[in-house]
Amino acid sequence: MRGLFEPNRPDPKAVRRIKMLVAERFGLPESTTLAVAELRCHEPDCPPVEIVITAREADGSTRDWRVAKSLSDVERADIDMLDRQP
């Protein structure tokens, strides 16, 4: 079992794949910075694992999307279902 303060090393290939899918889905310019994080929750009303995708535009605006799956389980269909304006 992983401890609270032990680092969680995401699979770099899965992160790159998700970033590519999001950039394609939303037609994001290269100036957009994408961040992908996998979060685990033990609270009653949240999914046990989800990824959060954040897009930071050149003007400083941000958009966030959430997928209730682990990094390695996210598929193109999951990204295609994300709203353009979360």
### Query
Tell me, which pairs form a disulfide bond (SG atoms under 2.5 Å apart) where one or both residues lie in residues 9-39, sequence neighbours left out?
none

Less than 3.5 Å apart, which donor and acceptor atoms pair up between the side chains of residues 29-37 and the rest of the protein, not counting sequence neighbours?
unit_1, atom_1, unit_2, atom_2, d
T32, OG1, P29, O, 3.4
T32, OG1, E57, OE1, 2.8

### Query
Do you know which two heavy atoms are closest between C41 and P47, and how far apart they sit?
CB-O, 3.5 Å

#### Entry: Considering all heavy atoms, the nearest R63-L28 contact
NH2-CD2, 3.0 Å

### Task
Tell me whether V22 is reachable from M81 by hopping between hydrophobic residues (I, L, V, M, F, W, Y) whose side-chain heavy atoms are closer than 4.5 Å.
no

### Query
Which residue pairs pass the side chain to side chain donor-acceptor pair (under 3.5 Å) test when at least one of the two sits in residues 43-55, sequence neighbours left out?
E50-R66, T54-D64

Identify all side-chain donor-acceptor contacts of residues 73-80 below 3.5 Å with residues at least two apart in sequence or on another chain.
unit_1, atom_1, unit_2, atom_2, d
D73, OD2, S70, OG, 3.0
R76, NH1, E24, OE1, 3.4
D78, OD1, K69, NZ, 3.1
D78, OD2, K69, NZ, 3.0
D78, OD2, E75, N, 2.8

### Spacing of OG belonging to S72 relative to CD belonging to E38, to within rounding of 0.5 Å
7.0 Å

### Summary
Going by chain and number, the hydrophobic cluster around V49 (ILVMFWY, side chain to side chain under 4.5 Å) further includes none

## Note on the structure
Besides L39, the hydrophobic cluster formed by Ile, Leu, Val, Met, Phe, Trp and Tyr side chains linked at under 4.5 Å, directly or via other members, contains V52

